[in-house]
Structure formats: structure tokens, C-alpha cells
Number of protein chains: 2
Amino acid sequence: MKIAELARRTGLTAHTIRYYERIGLMPRAGRDGAGHRDYGADALIWISFLGHMKAAGMPIQEMLHYARLRGQGSQTGPQRADILRQRRELVAAQITTLQATLSVLDDKIAGYDAEGINHADRNQT
Amino acid sequence: MKIAELARRTGLTAHTIRYYERIGLMPRAGRDGAGHRDYGADALIWISFLGHMKAAGMPIQEMLHYARLRGQGSQTGPQRADILRQRRELVAAQITTLQATLSVLDDKIAGYDAEGINHADRNQT
DNA sequence: CTACGGGTTGAAGTGCACTCTAAGTCAAGC
DNA sequence: GCTTGACTTAGAGTGCACTTCAACCCGTAG
């Protein structure tokens with residue numbers, strides 16, 4: 001598939017896909033007769049993985065590190081697993097933080113709603 | 001308390017607190033005889049709230065909007081509640097996303113661990 | 001044959017949230 | 001009196017992750 005279709009199917013823009021290739025986050029794409037990038041299904045899988053890692057808050061530098069390890073073959077598996085384990089812990093911690101944040105928001109919203117009923121200003125912030 | 005203590009107690013730097021004041025996210029602080037900022041407990045509460053909103057992914061522009069509404073008195077309560085309700089939904093959605101991300105990470109980690117045992121390369125990415 | 005909608009490149013620009021710098025003031029301790 | 005260290009300001013700089021720009025090429029429809 002061409003870059004526009006890959007963009008459509010991943011939700012990235014063609015610009016962003018070229019940017020990823022430029023910085024080394026995507027392998028250099030094969031070209032068709034016209035010199036246009038031509039992608040297979042593996043590109044879809046890799047971008048999907050990048051999307052998950054991005055959702056996990058992984059910075060691009062770390063994705064690059066992971067991508068380089070992957071390029072070095074299967075003997076880097078344990079190192080890649082370590083990276084993912086570390087990220088897993090960060091994500092778990094972030095979920096905990098967000099759940100606490102959700103409680104704060106719910107409390108504050110409840111305070112505003114009560115204020116709307118009986119005009120007592122509970123909300124200092 | 002002076003800015004250094006407020007910084008220590010909130011985990012922000014003094015630079016960041018001055019930056020918040022400059023952009024209007026903190027009220028202009030009262031000064032002591034030397035012209036140094038002098039804070040009360042309310043500053044601590046407000047920064048804690050800002051921290052929660054930041055954890056919730058609220059951009060500074062929206063915090064500014066909220067702060068301005070707060071400055072306009074209690075009749076803006078419903079508008080502030082709406083802002084918090086919207087942010088609450090975003091946080092809830094983000095928790096859902098992160099839980100899915102956690103599953104992806106756990107699956108991949110399990111794949112690497114299995115690979116370490118029987119040398120079958122399950123991990124395409 | 002020409003217009004059009006793609007595609008290509010390297011380089012520069014953007015927006016966010018800080019973060020740091022330069023040049024100065026001030027109060028307390030030696 | 002001098003040094004030290006915390007504070008002050010406006011403004012410039014940083015790092016991240018894109019995003020846009022300028023100038024160009026290529027294949028197909030009319």
C-alpha cells in the first residue's frame with residue numbers, strides 16, 4: 001500500500017510516517033517504480049505497536065532504542081523484555097495516579113453540585 | 001512562607017512558581033518587607049489542585065480559564081463544574097486506554113519470556 | 001498536452017510547558 | 001565592610017513531537 005493508505009489505516013498523517021522513517025523509528029520503506037513508498041502489513045503492525053507504546057507514555061528515544069535492539073536480532077529479546085517490564089510498571093503507576101485524580105474530580109464535582117442546591121460554597125479552588 | 005519553602009513543599013521549582021504567577025495561574029503573591037513573595041496555606045492547596053489537574057492532562061490554557069472563572073466569584077460554579085466534568089470523562093477514557101496498553105505490554109512480555117524458555121520467536125515487533 | 005492529485009526531499013517552524021540566564025537587590029553572618 | 005545565599009525581573013533558550021514549507025517529480029484522465 002502507498003503512504004496515504006497507510007496513513008488512513010493508522011490514523012497518522014503521511015507527514016508523520018515520513019518523519020518516523022527519517023528519525024529511524026520505521027525501517028526505510030521499499031519503493032515502487034515511481035519511487036513512492038510501498039508498505040506491507042508489517043508496517044501496520046509496527047505502527048500499531050508504536051501507538052500502544054506512545055499511549056504508554058514511552059518517549060521516542062526509548063522507542064528508537066527498542067527498534068535498534070529489534071534490528072539486532074533475537075538475542076536482544078531479554079533487553080527488550082526489560083524495557084517493556086519497566087514501561088509496564090510506569091503504566092500501572094500512572095493508572096493509579098489517574099484513579100486518584102478521578103476521585104479528586106468526582107469530589108470536586110459533587111461539591112459544585114451541592115453548592116448549586118443549597119448555595120454553600122464548599123469549593124475553595 | 002517564602003518561595004523556596006513553597007517549592008520544597010509542592011515539588012515545583014521556585015522558577016515554575018514564578019512562571020505560574022507570570023502567566024496568571026497563581027494570584028500575584030503578597031510581599032514581605034524585602035519584596036519577597038510570602039505565601040499562606042491557600043497557595044499550597046491551589047498548587048495541589050493544579051497538580052491534580054495536570055495529572056488529569058489538563059492543559060495550562062484550560063487551567064487559566066478555570067482560574068479566571070474562579071476569580072469571577074461563585075456564580076461561575078456551574079461553568080467550573082462543567083469543565084471538571086469534561087475532564088473527568090477524558091481521565092476515565094485515558095484509564096481505559098492505559099488498561100488496554102497494560103494488556104498489550106503483558107502479552108508482549110509473556111511472549112518474550114516464553115521465547116527465553118523454548119527459543120521460539122513469537123515477537124514480531 | 002495539460003491539469004491534477006498524488007508523491008518526493010531537506011529544512012525551517014510550531015506549541016507546549018517549562019527552564020535557564022543575566023543582571024541586579026537585600027539581609028544576615030564573619 | 002564584605003561575602004554568601006536567597007530573592008527579584010524580563011527575556012531567551014530547551015526538549016519533545018510533530019507540522020509546515022518550498023520546490024520539485026510522476027502517472028493518469030480529459
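Chain naming here is simple, since letters A, B, ... match the order of the sequence lines and numbering starts at 1 in each.
- For Gln86(B), the CD atom counts as loosely surrounded, since its 6.0 Å shell holds 12 or fewer non-hydrogen atoms of other residues, nucleotides or ligands.
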Q: Verify side chain to side chain contact (heavy atoms under 4.5 Å, CB included) between Tyr39(B) and Lys2(B), making sure each step is shown before the conclusion.
A: CA-CA 6 Å; Tyr39(B) 295 97; Lys2(B) 282 190 290 185; over 6 Å; no

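- Take Arg85(B) and apply the salt bridge (charged side-chain N to carboxylate O under 4.0 Å, His left out) test, not counting sequence neighbours, and it matches Asp113(A), Asp82(B).
- Here the range on DNA chain D touched by chain A, meaning any atom under 4.0 Å from one of its heavy atoms, is dA17(D) to dC26(D).
- Going from atom NZ of Lys2(B) over to atom C1' of dT25(C) covers 14 Å, rounded to whole Å.
- Shown here are the side chain to side chain donor-acceptor pair (under 3.5 Å) partners of Thr16(B), two or more places apart in sequence or in another chain: Thr13(B).
- A straight line from CD of Glu5(A) to P of dG6(C) spans 13 Å, rounded to a whole angstrom.
- Look at CG on Leu50(B): it is 14 Å from C1' on dC18(C), rounded to the nearest Å.
- Across every non-hydrogen atom of Ile83(A) and His65(A), the tightest pair is CD1-ND1, 3.8 Å.
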Q: For the pair Tyr66(B) and Leu84(B), evaluate side chain to side chain contact (heavy atoms under 4.5 Å, CB included) and give the outcome as yes or no after the intermediate values.
A: CA-CA 9 Å; Tyr66(B) 184 95; Leu84(B) 299 188; 3.8 Å; yes

Q: With salt bridge (Lys or Arg N to Asp or Glu O under 4.0 Å) as the test, would you mind laying out the steps for Asp106(A) and Arg88(B) before giving the verdict?
A: CA-CA 7 Å; Asp106(A) 283 340; Arg88(B) 195 223 113 92; 2.7 Å; yes

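- For residues 12-30 of chain A, proximity to DNA chain D is found at His15(A), Thr16(A), Tyr19(A), Tyr20(A), Arg22(A), defined as any non-hydrogen atom under 4.0 angstrom from a strand atom.
- Computed from coordinates, the Ile60(B) CD1 to dT19(C) C1' distance equals 13 Å when rounded to whole Å.
- Within residues 51-59 of chain A, the residues having any heavy atom closer than 4.0 Å to DNA chain D are, in order of number, Lys54(A), Pro59(A).
- Not counting sequence neighbours, the partners of Glu21(B) by the salt bridge (charged side-chain N to carboxylate O under 4.0 Å, His left out) test are Arg28(B), Arg31(B), Arg37(B).
- Remark: Lys54(A) is not positioned above the aromatic ring of Phe49(A), lacking an NZ or CZ atom under 6.0 angstrom from the ring centre and at most 45 degrees off the axis.
- A straight line from CE of Met63(B) to C1' of dA17(C) spans 10 Å, rounded to a whole angstrom.
- Annotation: side chain of Arg70(A) is in contact with side chain of Trp46(A) (closest heavy-atom distance under 4.5 Å).
- Inter-residue side-chain proximity for Gln72(B) and Leu69(B) is flagged as met; some heavy-atom pair is nearer than 4.5 Å.
- Look at CG on Leu6(A): it is 16 Å from P on dG6(C), rounded to the nearest Å.
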